[in-house]
Protein chains: 2
Amino acid sequence: MDKSQSKKSRDTEKKVESAAGRRFRQIYEEIRSRISLLEYPPGSRLSEEALADEFGVSRTPLRRVLFRLQSEGLLESVQGVGTIVTDISNDDLYQVYQLRMELAPLLARLSPLPITDETIAQFEDLYHQSEELIKKPTAHGYCVVNIATFHALANLTANAPLRKAMELHFYQTASIWLKSLGEDDVSQECRNLHHELRDFYHAARIRDVDALSHLWRAHTSASATRLRQKLGG
Amino acid sequence: MDKSQSKKSRDTEKKVESAAGRRFRQIYEEIRSRISLLEYPPGSRLSEEALADEFGVSRTPLRRVLFRLQSEGLLESVQGVGTIVTDISNDDLYQVYQLRMELAPLLARLSPLPITDETIAQFEDLYHQSEELIKKPTAHGYCVVNIATFHALANLTANAPLRKAMELHFYQTASIWLKSLGEDDVSQECRNLHHELRDFYHAARIRDVDALSHLWRAHTSASATRLRQKLGG
DNA sequence: TAGGATTTGTGCGTATGTATT
DNA sequence: TAATACATACGCACAAATCCT
């Protein structure tokens with residue numbers, strides 16, 4: 001192997017994304033979105049060929065996306081069987097929730113970003129969205145607001161590794177969360193989400209990241225408890 | 001997409017690893033080991049074809065391994081250029097260390113495992129290995145003991161997601177750690193590692209996971225501080 | 001500026017494993 | 001039990017991008 005250091009072309013440092021890289025990211029985010037929005041519910045089977053045709057690429061680059069989702073625990077591929085959306089066990093689910101509860105407070109400890117007016121407006125908007133959600137509760141609408149809320153919170157730290165870890169474990173549990181609930185519970189969870197966002201919005205208005213992070217932890221803990229009571233831990 | 005649940009073949013539940021899966025893991029661990037042991041130092045270039053020939057497979061399954069290492073931040077591939085071992089920036093390095101410091105105490109909070117006689121023997125062995133290391137300090141020997149120590153610590157929690165997160169961020173910094181140091185510093189770092197292992201061994205003997213986890217955090221913090229002083233933060 | 005050498009990215013045919021009939 | 005259908009895994013040839021002369 002060549003061990004020479006590359007010491008050239010430090011001129012731009014612009015991090016331009018290659019065409020292949022952009023295409024990868026778009027397909028990746030689309031499929032992950034479909035999983036987290038329950039369009040591909042846990043246990044469902046995906047077809048490499050069908051997805052490749054849909055996105056207008058061959059199986060090769062598409063498989064690269066599936067490998068990534070597989071390494072993140074969202075998919076499982078078995079030769080001769082197919083690619084299945086991971087249906088995480090209850091025990092594994094609790095473990096991920098335990099870790100998420102510990103990661104939440106780190107938002108205010110590791111390179112917290114100052115809360116801007118845009119951030120406050122963002123939480124206000126999400127708060128209003130959750131209000132609409134109560135009037136017309138749907139699993140899809142809940143997931144949309146829930147995911148947007150996560151990203152609003154995760155963007156409050158400048159620590160990239162922490163943000164990535166939070167994202168990884170959020171998406172591992174995002175899809176399974178609603179799957180375990182009935183139609184009545186969806187309505188109840190929408191109200192819970194509304195209360196969460198009211199707390200988040202108030203903490204954001206006084207620009208208190210520490211309060212925000214611990215509210216996040218508290219609500220994550222409450223979600224885990226409701227899940228445990230529902231599934232019987 | 002087929003959304004039918006798979007409700008069959010729950011008989012064995014043995015999680016037998018497929019031939020492809022086993023080969024993937026072996027190649028993956030071998031290449032990651034070479035990176036973390038500085039056989040492939042940061043900035044060096046890897047050849048897909050050469051590695052494929054060495055492991056007796058085609059480029060396709062080998063690229064799957066490189067994709068995984070790429071997603072974990074250990075490699076970076078650019079079309080027309082090659083696959084380069086990631087040379088993490090100082091700022092990113094500090095961010096990973098910050099997160100590692102926060103993850104360490106979770107060892108005793110999230111599903112800690114009881115310390116067995118085998119665990120104690122393991123730390124005793126590592127302690128003696130570090131003693132030998134001082135007599136004949138080498139970068140390679142340091143890395144071997146350092147990596148083994150990490151796994152001994154990480155195995156003390158039954159929380160798989162936490163263990164995976166610790167592993168990810170450890171290997172992201174394992175290779176870069178010694179790269180920044182001169183020959184004199186290697187000798188000094190071997191002595192530091194010896195002191196760490198003395199502490200770890202004593203805490204293990206009294207079966208105190210909490211002490212162990214906070215000693216780990218303390219030594220990780222000290223490493224980050226020495227690194228900052230060396231590189232100028 | 002241009003062109004050739006080298007490397008990763010892509011497309012596709014085939015091999016291999018699984019489940020069903 | 002055997003054969004068939006169908007899924008992912010693999011190998012190889014070619015396209016596209018970059019670097020160097």
Side-chain angles (χ1 to χ4, degrees), chain A residues 1-12 14-28 31 40 43-71 75-86, chain B residues 1-12 14-28 31 40 43-71 75-86:
Chain A
M1 297 298 151
D2 179 18
K3 298 183 181 180
S4 65
Q5 294 275 96
S6 72
K7 291 186 173 64
K8 48 8 184 154
S9 70
R10 283 269 174 181
D11 39 22
T12 54
K14 276 199 64 180
K15 281 284 180 185
V16 281
E17 196 177 29
S18 68
R22 182 164 44 251
R23 182 165 54 187
F24 170 87
R25 195 171 49 79
Q26 287 176 346
I27 298 177
Y28 166 81
I31 296 180
Y40 298 155
S44 60
R45 212 173 73 242
L46 273 52
S47 166
E48 292 184 353
E49 194 168 355
L51 287 170
D53 289 344
E54 177 189 344
F55 290 106
V57 296
S58 78
R59 282 181 54 211
T60 306
L62 183 102
R63 277 169 63 79
R64 190 170 175 171
V65 172
L66 298 186
F67 292 156
R68 177 67 142 269
L69 292 166
Q70 197 176 341
S71 75
L75 294 179
E76 292 173 355
S77 291
V78 180
Q79 185 174 6
V81 179
T83 302
I84 286 88
V85 178
T86 300
Chain B
M1 297 299 150
D2 180 16
K3 297 183 180 179
S4 65
Q5 295 275 98
S6 72
K7 292 186 173 65
K8 37 49 187 107
S9 71
R10 282 268 173 182
D11 39 22
T12 55
K14 278 199 63 179
K15 280 284 180 185
V16 282
E17 197 177 30
S18 67
R22 183 164 44 254
R23 180 165 58 184
F24 171 87
R25 197 171 48 78
Q26 288 176 345
I27 299 177
Y28 166 82
I31 296 180
Y40 298 154
S44 61
R45 213 173 73 241
L46 271 54
S47 166
E48 292 184 353
E49 196 169 352
L51 288 170
D53 289 345
E54 178 189 345
F55 290 106
V57 296
S58 78
R59 280 180 55 212
T60 305
L62 183 100
R63 278 166 64 79
R64 190 169 174 170
V65 173
L66 298 186
F67 292 155
R68 176 68 142 267
L69 292 165
Q70 197 176 341
S71 76
L75 295 178
E76 293 172 355
S77 292
V78 180
Q79 185 174 4
V81 179
T83 303
I84 287 90
V85 179
T86 300

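In the text below, chain A, chain B and the rest are named by the order of the sequence lines, each starting its count at 1. Not measured: the values here are computed from a predicted model.
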Distance, rounded to the nearest Å, where A/Leu62 contributes CG and C/dG9 contributes C1':
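Roughly 14 Å, once rounded to whole Å.
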
What is the distance from CD of A/Glu76 to P of C/dG17, rounded to the nearest Å?
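Rounding to the nearest Å, CD of A/Glu76 and P of C/dG17 are 20 Å apart.
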
What heavy-atom pair brings [X] and [Y] nearest, and what distance separates the two atoms?
{"X": "B/Arg45", "Y": "B/Val81", "answer": "CD-O, 3.8 Å"}
{"X": "A/Leu62", "Y": "A/Glu48", "answer": "CD2-O, 3.3 Å"}
{"X": "B/Leu46", "Y": "B/Ile31", "answer": "CD2-CG2, 4.4 Å"}

Please name all residues satisfying side-chain hydrogen bond (donor to acceptor under 3.5 Å, both in side chains) with A/Ser77, sequence neighbours left out, ordered by chain then number.
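Only A/Thr83 meet the side-chain hydrogen bond (donor to acceptor under 3.5 Å, both in side chains) criterion with A/Ser77.
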
Whether each nucleotide of nucleotides 5-16 of chain D has a protein heavy atom under 4.0 Å at its base (B), only at its sugar-phosphate (S) or at neither (-) is summarised, 5' to 3', as --BBBSBB---B

Would you mind reporting whether A/Arg68 and B/Phe67 have side-chain heavy atoms less than 4.5 Å apart?
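The answer is no, as the side chains (C-beta and beyond) never meet within the 4.5 Å cut-off.
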
